[in-house]
Amino acid sequence: MPLIIQEAVNLFAGDNPPNNSKHLNLESIKLPELEELTQNFHSGGSVGQIEVGGMGLKALELTFKTKGWDPQTMSQFGLGSKNMNPYTIYGVARDKNGNAAIEVKAIVRGRMTRVMNDEVKRGDLMGQDFAIKEVLHYELYFAKVEKYYYDWLTTAWRVDGASQNADETAILRIA
């Protein structure tokens with residue numbers, strides 16, 4: 001079993017022009033959590049309840065924190081529909097068995113719904129927390145190989161390149 005350790009990360013907030021790189025002020029980032037929708041069910045004749053899964057995915061969210069003011073990223077907050085921006089994350093992971101560097105890449109397209117400033121206190125670095133919700137698209141790759149692919153608009157959901165809902169989309173006649 002390989003031991004793969006995350007070493008470094010960079011975020012491009014918006015498309016990939018060099019001035020959108022957050023490599024000098026990115027403090028932390030949390031990729032979307034994948035969790036199934038579930039429903040508790042206790043049938044009339046059973047002794048206990050089960051939590052039934054497979055009912056779809058919960059809403060995805062990307063969060064990150066920067067240090068200092070970040071006017072370029074702050075400009076992506078707004079109520080207009082034009083603000084469904086791409087957020088591209090590049091990470092360096094290392095396989096400790098052989099010490100090989102591995103590219104980890106994630107692409108998230110969503111709406112910035114939160115800009116929260118830290119308390120300003122002399123002698124401390126102020127930071128900003130950002131949240132991206134209404135995620136319509138998410139991709140995750142290891143060494144340029146697709147791990148997850150999610151697209152709300154096309155109802156695509158793949159793990160390791162294999163569709164997880166092909167039978168459903170075929171029955172519903174969703175192209």
Enquirer: Scan for salt bridge (charged side-chain N to carboxylate O under 4.0 Å, His left out) pairs involving residues 155-169, sequence neighbours excluded, and state none if there are none.
Expert: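 Matches after skipping sequence neighbours: E146-R158, K147-D160.
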
Enquirer: About how many Å separate CD1 of I107 and OH of Y138, when rounded to the nearest 0.5 Å?
Expert: 10.5 Å

Enquirer: Supply the atom-to-atom distance H137 NE2 to Y150 OH, rounded to the nearest 0.5 angstrom.
Expert: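 Result: 11.0 Å between the selected atoms.
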
Enquirer: So, using salt bridge (Lys or Arg N to Asp or Glu O under 4.0 Å) as the criterion, who are the partners of R114 when residues are at least two apart?
Expert: none

Enquirer: Which residue pairs pass the ring pair (Phe, Tyr, Trp, His ring centres under 6.0 Å) test with at least one member in residues 9-35, sequence neighbours excluded?
Expert: F12-Y90

Enquirer: Any non-hydrogen side-chain atom of V104 less than 4.5 Å from a side-chain atom of I89?
Expert: no

Enquirer: With no hydrogens and no angle check, do the side chains of K22 and T73 hold a donor and an acceptor under 3.5 Å apart?
Expert: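 Checked: K22/T73 side chains pair up, N/O donor to acceptor below 3.5 Å.
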
Enquirer: Under the 4.5 Å side-chain heavy-atom rule for ILVMFWY, direct or indirect, which residues accompany I102?
Expert: I4

Enquirer: Quick one about Q76 and Y87 (side-chain donor to acceptor, distance below 3.5 Å, no hydrogens or angles considered), yes or no?
Expert: yes

Enquirer: For residues 123-135, tabulate all N or O donor-acceptor pairs below 3.5 Å that involve a side-chain atom, not counting sequence neighbours.
Expert:
| residue | atom | partner | partner atom | Å |
| --- | --- | --- | --- | --- |
| Q128 | OE1 | D70 | N | 3.0 |
| Q128 | NE2 | N117 | OD1 | 2.7 |
| D129 | OD2 | K65 | NZ | 3.3 |
| E134 | OE1 | R111 | NE | 2.9 |

Enquirer: Show every ring pair (Phe, Tyr, Trp, His ring centres under 6.0 Å) that has at least one partner inside residues 94-123, sequence neighbours left out.
Expert: none

Enquirer: I'd like to know if the side chain of N10 and the backbone of S21 have a donor-acceptor N/O pair within less than 3.5 Å.
Expert: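 No, the answer is negative, given that no donor and acceptor are paired below the 3.5 Å cut-off.
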
Enquirer: Please enumerate all residues that pass salt bridge (Lys or Arg N to Asp or Glu O under 4.0 Å) together with K30, with sequence neighbours excluded.
Expert: none

Enquirer: Output, in order, the C-alpha distance, side-chain angles, deciding distance and verdict of side-chain contact (heavy atoms from CB on, under 4.5 Å) for E61 and T63.
Expert: CA-CA 7 Å; E61 176 183 23; T63 58; 3.6 Å; yes

Enquirer: Taking E7 for its side chain and I5 for its backbone only, find out whether a donor-acceptor pair lies under 3.5 Å.
Expert: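 Such a contact is absent between E7 side chain and I5 backbone.
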
Enquirer: Restricting to side-chain contact (heavy atoms from CB on, under 4.5 Å), what partner residues turn up for N99, sequence neighbours left out?
Expert: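 Counting only residues at least two positions away or on another chain, N99 forms a side-chain contact (heavy atoms from CB on, under 4.5 Å) with R94, K96.
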
Enquirer: Run the side-chain donor-acceptor check on residues 31-38: report pairs under 3.5 Å with partners two or more places apart or on a different chain.
Expert:
| residue | atom | partner | partner atom | Å |
| --- | --- | --- | --- | --- |
| E35 | OE2 | K58 | NZ | 3.2 |
| E36 | OE1 | G54 | N | 2.6 |
| T38 | OG1 | E51 | OE2 | 2.5 |

Enquirer: Starting from Y149 and following side-chain heavy-atom contacts under 4.5 Å between hydrophobic residues (I, L, V, M, F, W, Y), which residues can be reached?
Expert: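 Its cluster mates, by chain and number: none.
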
Enquirer: With a cutoff of under 4.5 Å between side-chain heavy atoms, which Ile, Leu, Val, Met, Phe, Trp and Tyr residues group with I174?
Expert: L172

Enquirer: Enter the distance from Y148:OH to W157:CH2 here, rounded to the nearest 0.5 Å.
Expert: 6.5 Å

Enquirer: Which residues satisfy the salt bridge (Lys or Arg N to Asp or Glu O under 4.0 Å) test with K67, sequence neighbours excluded?
Expert: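 Applying salt bridge (Lys or Arg N to Asp or Glu O under 4.0 Å) to K67 gives E27.
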
Enquirer: Just how far is it from atom CG of N25 to atom CD of Q72, taken to the nearest 0.5 Å?
Expert: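 The CD atom of Q72 is 9.5 Å from CG of N25, to the nearest 0.5 Å.
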
